[in-house]
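We number each residue from 1, following the sequence as shown.
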Amino acid sequence: MKEEMAGEKQEESRLLDDVVMRTVANPTASHGWHQMVDLMRRQATPALSLQLEQFLLANVAATGLAGFYRATFLDMLTGRPEYLQQAGQLALTLQPYDADRLMTFLQYGWQRVLLDIPGRQAFQQRLQELSLPAITTSLNAWIWQQVQPTQVLKKRSISAVRKVALIAPYVSNIKHPPTLMVLQQAENLRQLGFEVVLYSAQEMLGPDFKHYLGSHSYTPEPQFVTAGWDKYLGQGGQVMTGDTRFSLVQRWKSLLGQIALFDPDLVMFVGLYAGLAAAVYPARPVLSLGINSLSPMLPADVWLTAQQELDGVQASQWTTALPASQAYYHSYRIQRPDVKQGQTRASLGLAQDRLILVTLVSESEARIKGEWAVAMLQMLNLHPHVQWLIVGGNGVLPSALQAARAVQVQCVAFCADAVKYLACSDIYINPPMMGGGFAVAEAMALAVPALSLQGSDGGDKLGSAAQANLQEYFQILMLWLHNPDARKTAGLAMQKHFDDYLDLNKAAASLQGACELAVARFNLRTAKQTS
């Protein structure tokens with residue numbers, strides 16, 4: 001058996017050597033880079049990775065498409081920040097212009113940073129370093145030239161809003177948080193009496209989307225399921241998606257034609273960036289909402305912010321090359337969770353006699369790490385009566401928690417009704433990260449006290465109750481572990497904050513005001529263009 005394994009290892013090593021040489025001979029083809037990724041995932045060691053990195057740096061050009069593939073591959077191989085930065089700079093120089101490759105890199109870069117960076121300020125800075133705002137600016141100019149939006153969607157003065165085109169870059173199913181978020185906005189717009197149609201060019205997908213990066217990284221094609229959407233869009237509510245057999249420019253042109261037939265009075269965008277939303281900006285008022293706590297990288301008349309101190313600020317949050325938009329304070333984000341009756345610790349297989357901490361997270365390996373994870377392990381060691389429940393992903397124990405006592409950490413795979421675990425827990429624990437705001441807010445709605453750092457999506461939901469640093473974070477955790485009354489008081493205060501500022505059912509008047517402001521600003525900017 002040992003001889004057999006050694007033989008297989010030797011053959012894999014020979015195969016890697018062969019693939020490396022084939023890739024160096026043909027560095028602008030994706031398949032060699034992707035084969036290297038697959039082989040290195042099976043046999044990488046620090047020494048081998050360093051050797052391969054040095055060989056590629058010496059033997060593959062640093063410029064053009066070959067350099068771009070090299071940079072995205074080395075980002076995957078090393079995880080060091082300079083390679084993704086190189087890739088962003090190169091992406092802007094590649095000719096002929098390929099909007100599909102730029103969109104793929106934009107989505108990949110944003111998702112990589114979302115996993116790596118815990119706080120909003122560093123997150124925004126890192127996206128700048130990757131040239132993502134410059135890429136969106138470049139895409140806007142190219143789209144306006146290629147699509148000629150005002151020739152398709154005739155510009156007109158808007159006096160009142162009756163019809164809204166709601167745009168998302170990508171929709172899949174109700175379990176996908178950004179899809180659910182856009183559907184919830186559709187419901188709110190309909191409650192205002194507006195007719196709403198949802199459009200998505202499915203901008204993360206396409207005929208060649210698996211081949212644009214050397215890292216072999218792409219968004220897996222999800223199940224596209226519209227079950228349950230009627231609740232938000234109304235019976236027979238319309239959803240129009242791009243045909244992913246075609247390039248993005250063809251999808252944008254096709255959907256822009258459909259939007260012109262609908263002739264909306266306002267466009268609302270939910271996400272980070274969508275070429276389709278950029279295309280309509282010259283012809284219609286645009287209201288935007290980011291899925292993280294930053295403004296979308298998109299030209300818009302108004303963007304909805306959860307940061308009260310930004311209310312009324314007129315500026316581009318990313319680059320002066322984007323038109324200035326006006327921030328509008330609108331903190332309503334989450335629907336009150338629906339917990340089924342009869343869900344108990346016993347029915348969920350949870351310990352009756354332990355104090356339960358809970359974390360809902362999709363990428364537990366990437367989120368539960370570093371100094372924070374070490375401190376959580378120390379806390380568990382000091383408090384044997386505490387159990388930490390981690391819900392999400394594949395339910396596998398993160399590497400950073402391998403030293404924990406088995407009885408103290410329980411991992412549960414993703415489930416659509418994870419809120420049932422919140423309802424049966426004592427404290428919600430949000431890792432230091434961007435993202436996680438929905439789960440924090442749902443815990444607040446259920447009067448489960450939550451911990452999250454300031455300057456993040458979760459911290460924004462907590463407002464003044466968010467922690468300034470990890471020292472304060474763990475001080476409050478210790479207080480709550482030892483003082484049930486302090487826990488209960490904090491949970492009730494957070495529930496009231498949810499009721500007053502986060503409950504999506506109370507969004508109507510604020511959303512109406514934002515729509516009216518977007519129309520006023522559109523009429524102002526189009527009047528200036530014609531005067």
Side-chain angles (χ1 to χ4, degrees), residues 99-100 102-104 106-108 110-111 136 139-140 143 147 149 152-153 163-190 194-209 218-234 236-264 266-281 283-284 286-292 296-300 303-304:
D100 294 70
L102 286 170
M103 288 294 293
T104 300
L106 177 75
Q107 295 294 342
Y108 171 66
W110 165 65
Q111 289 176 345
T136 63
L139 281 165
N140 294 343
I143 289 164
V147 178
V152 182
L153 180 60
K163 297 195 288 186
V164 178
L166 185 59
I167 294 177
Y170 172 84
V171 290
S172 58
N173 57 68
I174 213 158
K175 296 176 186 177
H176 177 234
T179 300
L180 178 59
M181 190 171 181
V182 77
L183 290 170
Q184 290 172 339
Q185 294 304 317
E187 182 179 32
N188 275 7
L189 291 164
R190 286 179 55 246
F194 302 153
E195 184 182 350
V196 179
V197 178
L198 173 58
Y199 301 87
S200 176
Q202 301 296 70
E203 298 185 5
M204 294 185 194
L205 306 175
D208 305 309
F209 75 109
Y218 54 86
T219 302
E221 292 190 68
Q223 281 189 306
F224 181 70
V225 180
T226 58
W229 291 25
D230 281 357
K231 173 188 172 187
Y232 305 97
L233 293 169
Q238 284 188 291
V239 183
M240 296 192 178
T241 57
D243 185 339
T244 56
R245 297 175 302 167
F246 289 90
S247 68
L248 277 172
V249 70
Q250 294 303 322
R251 283 180 257 164
W252 291 330
K253 285 179 177 177
S254 174
L255 285 175
L256 187 63
Q258 295 298 323
I259 291 173
L261 291 173
F262 179 52
D263 190 22
L266 176 84
V267 172
M268 183 174 182
F269 168 73
V270 180
L272 177 72
Y273 177 83
L276 183 61
V280 300
Y281 176 77
R284 287 294 181 277
V286 175
L287 173 66
S288 71
L289 171 63
I291 54 174
N292 297 113
M297 270 182 218
L298 194 80
W303 73 280
L304 301 174

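- Listed for the Gln202 side chain is no donor-acceptor partner under 3.5 Å among the backbone atoms of Arg251.
- Within the 4.5 Å cutoff, no side-chain heavy atoms of Lys253 are placed close to those of Ile143.
- For Ser254, there are no side-chain contact (heavy atoms from CB on, under 4.5 Å) partners at least two apart in sequence or on another chain.
- Gly271 and Pro169 get closest at one heavy-atom pair: CA-CD, 4.4 Å.
- A donor-acceptor pair under 3.5 Å links the side-chain atoms of Ser200 to the main chain of Ala168, judged by distance alone.
- In this structure, CD1 on Ile167 lies 4.0 Å from CG on Leu276, to the nearest 0.5 angstrom.
- Phe209 and Thr104 make their closest contact through O-CG2, 4.1 Å (heavy atoms, listed as atom of the first residue, atom of the second, distance).
- You'll find the side chain of Pro149 stays beyond 4.5 Å of the side chain of Tyr281, heavy atoms only.
- Applying the side-chain contact (heavy atoms from CB on, under 4.5 Å) criterion to Ala186, with sequence neighbours excluded, gives Leu166, Val196, Leu233.
- The CZ atom of Phe224 sits 4.5 Å away from the OG1 atom of Thr241 when rounded to the nearest 0.5 Å.
- Shown here for Tyr199 and Ala165, the closest heavy-atom pair between the two residues is CE1-CB, 3.7 Å.
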Dump the intermediate steps for side chain to side chain contact (heavy atoms under 4.5 Å, CB included) on Val280 and Leu256, then the final yes or no. CA-CA 8 Å; Val280 300; Leu256 187 63; 3.7 Å; yes

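- In this structure Asp208 satisfies the salt bridge (charged side-chain N to carboxylate O under 4.0 Å, His left out) test with no other residue, sequence neighbours excluded.
- In plain terms, the two heavy atoms of Leu298 and Ala274 that are nearest each other are CD1-O, 3.5 Å.
- Looking at heavy atoms from C-beta onward, Tyr273 lies out of side-chain contact with Trp110 at the 4.5 angstrom threshold.
- Listed by chain and residue number, nothing satisfies the side chain to side chain donor-acceptor pair (under 3.5 Å) test with Gln185 (two or more places apart in sequence, or in another chain).
- The side-chain contact (heavy atoms from CB on, under 4.5 Å) test applied to Leu102 returns Ala91, Tyr97, Ile135, Leu139, not counting sequence neighbours.
- The heavy-atom pair separating Lys231 from Glu187 by the smallest distance is O-OE2, 3.8 Å.
- Within the model, atoms CG of Leu272 and OG1 of Thr136 stand 8.0 Å from one another, a figure rounded to the nearest 0.5 Å.
- Side-chain contact between Gln238 and Gln258 is absent, with no heavy atoms from C-beta onward closer than 4.5 Å.
- Residues Leu205 and Tyr170 have side chains in contact (heavy-atom distance under 4.5 Å, counting atoms from C-beta outward).
- A distance of 9.5 Å separates CD in Glu203 from CG in Asp100, rounded to the nearest 0.5 Å.
- The residue from Ile259, Val267, Leu261 that alone fulfils the side-chain contact (heavy atoms from CB on, under 4.5 Å) condition with Leu153 is Ile259.
- Annotation: the span from Phe269 atom CZ to Leu289 atom CG amounts to 9.0 Å, rounded to 0.5 Å.
- For the pair Tyr232 and Leu198, the minimum side-chain heavy-atom distance is 4.5 Å or more.
- Of all heavy-atom pairs spanning Met103 and Leu248, the tightest one is CG-CD1, 3.4 Å.
- Evaluation of the side-chain contact (heavy atoms from CB on, under 4.5 Å) rule for Thr179 yields Val171, Ser172, His176, Leu183, Trp229 as partners, not counting sequence neighbours.
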Leu304 vs Met268, side chain to side chain contact (heavy atoms under 4.5 Å, CB included): CA-CA, chis, key distance, verdict: CA-CA 10 Å; Leu304 301 174; Met268 183 174 182; 3.9 Å; yes

